[in-house]
Peer 1: 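One structure follows; several queries about it will come next.
Note that this is a predicted model, so its numbers are computed, not measured.
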Amino acid sequence: ELPKNKEIQILDSGGGTGKYTVHLKKLGYNVILIDISRNSINIAKKKAEKNDVSFDAYVCNSEDTLFPDNSFDFIMMNGGVISYTPSPDKLLNEVNRILKPKGLVFFDFLNTVGWAIETLDSSLKVELAEKNDKLIQMPDWDYAARVMSIEKVRDLLKQNNFQMKSEYGLV
């Protein structure tokens, strides 16, 4: 899905330690990284140095950025960013604001069916398979994550004025 034009402006929103940002910079793309974790941003900067690339990186909440309207051609939110944000609607509204017209958004999310398959708790399996949206407590974190059905994500995108170009997935 990555555009071939390397002059585009890319935002790696919630990009953590810069895994994709570093790779895209090595390919010659213009990328800015934002993440809510200062520690992750510091790790990303060290990775950039090791890989002899540089990029702007900011500690920033993806739901409320300081970028001007229509700033980016391509926004990626890998690693379930939409599942970890308190408000998927607020996140998508902000993405819509900073995305240029005809721009592309690429993201993944924690889906209910996939999570139901993975859990060992049989009552949770049934509940997740039947739900469109559920907060679940992650074992290693202080905050909950949101698992959503593909139908819920389609509705969120439609409600926030996005058009689905393509969708991929294992389930």
Peer 1: Taking the six-membered ring of Y29 as reference, does the cationic atom of K6 (NZ for Lys, CZ for Arg) lie under 6.0 Å from its centre and within 45° of its axis?
Peer 2: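 Checked: cation-pi criterion met.
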Peer 1: Going by side-chain contact (heavy atoms from CB on, under 4.5 Å), F109 matches just one of M148, K152, M77, R146. Which one?
Peer 2: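 Result for side-chain contact (heavy atoms from CB on, under 4.5 Å) with F109: M148.
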Peer 1: Aromatic rings F106 and F74: how do their planes relate, parallel, tilted or perpendicular, breaks at 30° and 60°?
Peer 2: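 Parallel.
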Peer 1: Would N70 and I98 count as a side-chain contact (heavy atoms from CB on, under 4.5 Å) if you check the C-alpha gap in whole Å, the side-chain angles of each, and the deciding distance to 0.1 Å?
Peer 2: CA-CA 5 Å; N70 305 317; I98 63 175; over 6 Å; no
Peer 1: Check A116 against A129 and note the closest heavy-atom contact, atom names and distance.
Peer 2: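 Closest approach of A116 to A129: CB-N, 4.0 Å.
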Peer 1: To the nearest 0.5 Å, tell me how far L11 CG sits from D73 CG.
Peer 2: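 L11 atom CG to D73 atom CG measures 11.0 Å (nearest 0.5 Å).
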Peer 1: Is there a path of hydrophobic side-chain contacts, each under 4.5 Å between heavy atoms, that joins L27 and M76?
Peer 2: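 Yes, same cluster.
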Peer 1: side-chain contact (heavy atoms from CB on, under 4.5 Å) between I75 and F107: does it pass, once the steps are laid out?
Peer 2: CA-CA 8 Å; I75 298 175; F107 70 94; over 6 Å; no
Peer 1: Within a strict 4.5 Å, meaning less than it, do heavy atoms of the F162 and L99 side chains meet?
Peer 2: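 Of all side-chain heavy-atom pairs linking L99 with F162, at least one is under 4.5 Å.
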Peer 1: So, do L24 and D12 sit near enough that their side-chain heavy atoms are less than 4.5 Å apart?
Peer 2: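 The answer is no, as the side chains (C-beta and beyond) never meet within the 4.5 Å cut-off.
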Peer 1: Write down the atom of D108, the atom of G79, and the distance for their closest heavy-atom approach.
Peer 2: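 Closest approach of D108 to G79: OD1-N, 2.9 Å.
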Peer 1: Would you kindly say whether T65 and E94 are connected by a side-chain donor-acceptor distance under 3.5 Å?
Peer 2: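 Looking only at side-chain atoms, E94 and T65 do form a donor-acceptor pair, the distance falling under 3.5 Å.
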Peer 1: Side chains of T112 and K134: donor-acceptor distance under 3.5 Å anywhere?
Peer 2: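 Note: T112 and K134 side chains miss the donor-acceptor criterion.
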Peer 1: So does K46 have more than 12 non-hydrogen atoms from other groups sitting under 6.0 Å from NZ?
Peer 2: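 Check fails, neighbour count at 12 or below.
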Peer 1: Of the non-hydrogen atoms in I41 and A57, which two are nearest, and what is the gap between them?
Peer 2: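 Where I41 meets A57 most closely, the heavy atoms are CG2-CB, 3.9 Å.
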Peer 1: Hydrophobic clustering (ILVMFWY, side-chain heavy atoms < 4.5 Å, transitive) - are I150 and L156 grouped together?
Peer 2: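 L156 and I150: one cluster.
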Peer 1: Are there over 12 heavy-atom neighbours, none belonging to Q137, within less than 6.0 Å of that residue's CD?
Peer 2: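 Yes, the 6.0 Å shell around CD holds more than 12 heavy atoms from other groups.
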Peer 1: To the nearest 0.5 Å, what is the distance between CG (D56) and CG (L33)?
Peer 2: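 It comes to 10.0 Å.
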Peer 1: Same cluster for V81 and L110 if Ile/Leu/Val/Met/Phe/Trp/Tyr side chains link at under 4.5 Å?
Peer 2: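 Shared cluster, no.
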Peer 1: Side chains of Y84 and I36: closer than 4.5 Å at any heavy-atom pair?
Peer 2: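 The answer is no, as the side chains (C-beta and beyond) never meet within the 4.5 Å cut-off.
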Peer 1: With heavy-atom distances below 4.5 Å as the criterion, would you say the side chains of V53 and T21 are in contact?
Peer 2: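 No, too far: nothing below the 4.5 Å cut-off.
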Peer 1: Counting distance only, does the side-chain N/O of S71 pair as donor-acceptor with the main-chain N or O of P68 below 3.5 Å?
Peer 2: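 It does hold such a pair.
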Peer 1: What's the separation between atom CD in E63 and atom CG in D89, rounded to the nearest 0.5 Å?
Peer 2: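 Reported value, rounded in 0.5 Å steps: 10.0 Å.
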Peer 1: I'd like to know if the side chain of N161 and the backbone of N96 have a donor-acceptor N/O pair within less than 3.5 Å.
Peer 2: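 Answer holds: no.
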Peer 1: How close do G16 and D35 get, heavy atom to heavy atom, and via which atoms?
Peer 2: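 Residues G16 and D35, closest heavy atoms: N-OD1, 2.8 Å.
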Peer 1: Answer with yes or no whether the hydrophobic clustering places M164 together with V105; edges join I, L, V, M, F, W, Y residues whose side-chain heavy atoms lie under 4.5 Å apart.
Peer 2: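 The answer is yes; both residues are in one hydrophobic cluster.
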Peer 1: Kindly indicate whether the side chain of I117, heavy atoms from C-beta on, has any atom under 4.5 Å from the side chain of V113.
Peer 2: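 Of all side-chain heavy-atom pairs linking V113 with I117, at least one is under 4.5 Å.
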Peer 1: Answer yes or no: are there more than 12 heavy-atom neighbours, outside N5 itself, under 6.0 Å from its atom CG?
Peer 2: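 More than 12 heavy atoms, drawn from other residues, nucleotides or ligands, come within 6.0 Å of this atom.
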Peer 1: Given the rule in the side-chain contact (heavy atoms from CB on, under 4.5 Å) test, do K158 and Q163 qualify, once you have shown the distances and angles that lead to the verdict?
Peer 2: CA-CA 7 Å; K158 185 177 180 180; Q163 292 180 344; over 6 Å; no
Peer 1: Do the non-hydrogen side-chain atoms of S40 and I43 ever get within less than 4.5 Å of each other?
Peer 2: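 A side-chain contact is absent here, since even the closest heavy-atom pair is not under 4.5 Å.
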Peer 1: What closest approach, in Å, do V22 and A48 show between heavy atoms, and which atom pair accounts for it?
Peer 2: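 Answer, listing the atom of V22 first, then A48: CG2-N, 4.1 Å.
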Peer 1: To the nearest 0.5 angstrom, please state how far the OG1 atom of T119 sits from the NZ atom of K125.
Peer 2: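 Going from the OG1 atom of T119 to the NZ atom of K125 covers 6.0 Å.
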Peer 1: Could you give the distance from CD1 (I34) to OG (S13), rounded to the nearest 0.5 Å?
Peer 2: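 If we round to the nearest 0.5 Å, I34:CD1 and S13:OG are 3.5 Å apart.
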Peer 1: Tell me, with the steps shown, if I32 and F55 meet side-chain contact (heavy atoms from CB on, under 4.5 Å).
Peer 2: CA-CA 6 Å; I32 294 175; F55 49 82; over 6 Å; no
Peer 1: Could you check if a side-chain atom of N111 sits within less than 4.5 angstrom of a side-chain atom of V147, using non-hydrogen atoms only?
Peer 2: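 No, every pair of side-chain atoms sits at 4.5 Å or beyond.
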Peer 1: So, taking the atom named CD in E151 and the one named CG in N132, what distance separates them when rounded to the nearest 0.5 Å?
Peer 2: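 It is 6.0 Å, given to the nearest 0.5 Å.
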